[in-house]
Amino acid sequence: MAPGEPAPPLLPLPEPPATARGAIVVACSGGLDSSVLLHRLASDPVIRARGLRAVHVHHGLQASADDWAAHCMRQAQALEVPLQVLRIEVPRDTGTGLEAAAREARYAALSGTLAPGDLLVTAHHLDDQAETFLLRALRASGPEGLGAMRVVRALGDAWQWRPLLSQPREALHAYAQAHGLVWIEDPSNALPDPDRNFLRLQLLPLMRQRWPHAAASLARSAALCAQADALLASEDAALLRTHAGDDPRTLRVATLTALPAERRARLLRHWIRTLGLPPLPAQGVERIETGLLEARADAEATFAWAGARVLRWRDFLHADRQRAPLPPDWNVRWDGRTPLALPDGGRLLLRDDQGNPAATGFDAPVRVHARQGGERIVLPGRDHSHALKQVLQERGVPPWRRAHLPLLSGADGHLLAAADVAWSEALALWLKARGWHLSWQPPGIGDASAR
């Protein structure tokens, strides 16, 4: 820019969402879009005052990944914005494809840098929205899917903001050139694969030849679908509150089947979404209808997709991530003085009536282990043992709990407890004398998938 020449104009930027009061964190890839976003945010003194910083996720999927990280570092330093580089490994055996696995790993890494109330800012723009709408339409999505990307969405206890969603890519390109920005090009973007690149490089350019404003029209349709979905979502939430059991991951089959098919389909999709699980695939509702709702109550039928699953048991559907059970050979000694972290993500603890950890532990350490089968327990008030399998069935312990149920045994090998589901006579008397309780927190309770 020549001396005396006015500075190029800045892209219009909406106000940050009032729901987010924390720092503003920019996801920076080094490409055109995120380079424009970082520059635009860094040009706003109000944004800077909130604690602007940037994060670059190093996937290691390209030979030049180190160069990209170095470029982002130089870019952030020039703008005097602190940048953090996160190195991650993308799993290649998830069954969802490398692009989807990379996206999930990237968001997990980014979310891990956010404090409650922070705002993760990403550089999605109008053309991205048009592509997302087309992809969702080709996957037979309903209004919630066709609503595509929202400007603001919850991200755990933080938020995600897409302030450039109304700007076409050509506006971002013009901004970058006007401000002399330097960016890197991902070589994978030049390949007509995967699906999004096919739309970006072949289908949308062809559509623009006939309909110059195709991307804007598709993005507008996405916005209208999002509005319709927001109206229906409030009804879905109210309906879900009346149908969910004590565990938000369960729904009663009888109340589901009493609903009209269209309302039932929306409720199922909304339920899955509130649990933080991957969206149901195009045939997901149909698979649940025919494979689970119409199954025998004792069949324990399952529908799995993208690392998640819905299980039918008795009069319930249960949805969760696919979680590995306790390893059959797992076996540790526990004195009860501090909570015991279990290998599946659950935990055991001794506590008092107020929920506080017990003052002291067991008189002697106990052995905590996974079920092997054939265990027997002497219940309070009984003079003979019962098969643990029968006790669990009688007490209605569902299969998704049984797979993670930790057992406690004494030094003599006798079974003392099956978590907090069943206690032996000896342990029950010991706990009662002290006013203590044995508590089990199964895996998933309290995390995003349980909300």
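Since the model is a prediction, treat every value here as computed from it, not as a measurement.
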Asker: Q160 and T122: side-chain donor and acceptor closer than 3.5 Å?
Answerer: yes
Asker: Over all heavy atoms of both residues, which pair between L164 and D33 is shortest? Give the atoms and the distance, please.
Answerer: CD1-O, 4.4 Å
Asker: Quiz question: by atom type and distance under 3.5 Å, do the side chains of R87 and H58 form a donor-acceptor pair?
Answerer: yes
Asker: I'd like to check L259 versus L239 (side-chain heavy atoms, cut-off strictly below 4.5 Å). Are they in contact?
Answerer: yes
Asker: Of the non-hydrogen atoms in P442 and R401, which two are nearest, and what is the gap between them?
Answerer: CG-NE, 3.7 Å
Asker: Give a yes or no answer on whether the side chain of D44 reaches the backbone of L41 with a donor-acceptor pair at less than 3.5 Å.
Answerer: no
Asker: Does a side chain donor of either T302 or R309 reach within less than 3.5 Å of an acceptor in the other side chain?
Answerer: no
Asker: Does S217 reach the side chain of W211, with side-chain heavy atoms less than 4.5 Å apart?
Answerer: no
Asker: Let's go through H173 and W183 carefully: what are the C-alpha distance in whole Å and the side-chain angles of both, what is the deciding distance for ring-ring contact (aromatic ring centres under 6.0 Å, His included) to 0.1 Å, and is it a yes or a no?
Answerer: CA-CA 10 Å; H173 190 270; W183 64 92; 5.6 Å; yes
Asker: Within the distance-only criterion (no hydrogens, no angle test), does the side chain of R40 pair as donor or acceptor with the backbone N or O of L11 below 3.5 angstrom?
Answerer: yes
Asker: With a 4.5 Å limit on heavy-atom distance, are the side chains of R323 and D344 in contact?
Answerer: no
Asker: Any side-chain donor paired with an acceptor under 3.5 Å for D329 and H369?
Answerer: no
Asker: Test: side-chain hydrogen bond (donor to acceptor under 3.5 Å, both in side chains). Region: residues 220-233. Which pairs qualify, not counting sequence neighbours?
Answerer: R150-D229, D229-R266, D229-R273
Asker: Can you confirm whether more than 12 heavy atoms, excluding those of E170, are under 6.0 Å from its CD atom?
Answerer: no
Asker: Show me, pair by pair, the donor-acceptor contacts under 3.5 angstrom made by side chains of residues 126-138, not counting sequence neighbours?
Answerer:
from: D127; atom 1: OD1; to: R169; atom 2: N; distance (Å): 2.8
from: D127; atom 1: OD2; to: R208; atom 2: NH2; distance (Å): 2.5
from: D128; atom 1: OD2; to: H125; atom 2: N; distance (Å): 3.0
from: D128; atom 1: OD2; to: H125; atom 2: NE2; distance (Å): 3.3
from: Q129; atom 1: OE1; to: M149; atom 2: N; distance (Å): 2.9
from: Q129; atom 1: NE2; to: M149; atom 2: O; distance (Å): 2.8
from: E131; atom 1: OE1; to: R196; atom 2: NH1; distance (Å): 3.3
from: E131; atom 1: OE1; to: R200; atom 2: NH2; distance (Å): 3.1
from: E131; atom 1: OE2; to: R200; atom 2: NE; distance (Å): 3.1
from: T132; atom 1: OG1; to: D128; atom 2: O; distance (Å): 2.9
from: T132; atom 1: OG1; to: R196; atom 2: NH1; distance (Å): 3.2
from: T132; atom 1: OG1; to: R196; atom 2: NH2; distance (Å): 3.0
from: R136; atom 1: NH1; to: G145; atom 2: O; distance (Å): 2.7

Asker: Look at the side chain of H179 and the backbone N and O of P9, then say whether any donor-acceptor pair between them is shorter than 3.5 Å.
Answerer: yes
Asker: Quick check: closest heavy atoms across C28 and A54, and the distance to 0.1 Å?
Answerer: CB-CB, 4.4 Å
